[in-house]
Amino acid sequence: APARVSGVAKNDVLNMRKWPASYSRLVGELSPKSTVWVIRCIEKEDTSDWCLVERGDDSGWVNSRFIELLDEDWDI
C-alpha cells in the first residue's frame, strides 16, 4: 500500500533498519513526507509495531507510528 512518512521533524529523517528493531543495522533514511510502498507490517509484543517499506531500490523496516497510509489511487 502507498504511504507517506509523517511525524518526523523537517530537519530529521526516519531511519530504515535491516530488521524490525531499533538496535538493528541502519540501511537507509527517509526524509519527512517521503512516499514509500508498505510491503507488510507486524506487531511486536511489548514494543513498537514495524512496517517493511520500499522506496526505489531501497527497503527496510521503520517504526509504524511514522507511516501514514495513503489512498489506494495515490501515484508514488
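L52 and V13 fall into different hydrophobic clusters, where Ile, Leu, Val, Met, Phe, Trp and Tyr residues are linked whenever their side-chain heavy atoms come under 4.5 Å apart, directly or through other members. At a threshold of 4.5 Å between side-chain heavy atoms, the hydrophobic network of Ile, Leu, Val, Met, Phe, Trp and Tyr places W50 and I39 in one connected group. The hydrophobic cluster containing V27 also contains V8, counting ILVMFWY residues as joined when their side-chain heavy atoms lie under 4.5 angstrom apart, directly or transitively.
Taking all atoms of both residues into account, the shortest heavy-atom contact from A9 to P32 is O-CG, 3.1 Å. Minimum heavy-atom separation, D49 to E43: OD1-CA, 3.3 Å.
Side-chain contact check for E54 versus V36: every heavy-atom pair is 4.5 Å or farther apart. Under the 4.5 Å side-chain criterion, counting only non-hydrogen atoms from C-beta, W61 is in contact with R40. Between I67 and L14, the closest side-chain pair of non-hydrogen atoms falls below 4.5 Å. Between E29 and N15 the shortest side-chain heavy-atom distance falls below 4.5 Å.
A donor-acceptor pair under 3.5 Å is formed between the side chain of R55 and the backbone N or O of T35. Listed for the S24 side chain is no donor-acceptor partner under 3.5 Å among the backbone atoms of A21.
Here the OG atom belonging to S31 is positioned 13.5 Å from the NZ atom belonging to K10, to the nearest 0.5 angstrom. The CZ atom of R17 sits 5.0 Å away from the CG atom of L26 when rounded to the nearest 0.5 Å.
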Criterion side-chain contact (heavy atoms from CB on, under 4.5 Å) on V53 and V5, from CA distance to verdict: CA-CA 10 Å; V53 301; V5 175; over 6 Å; no
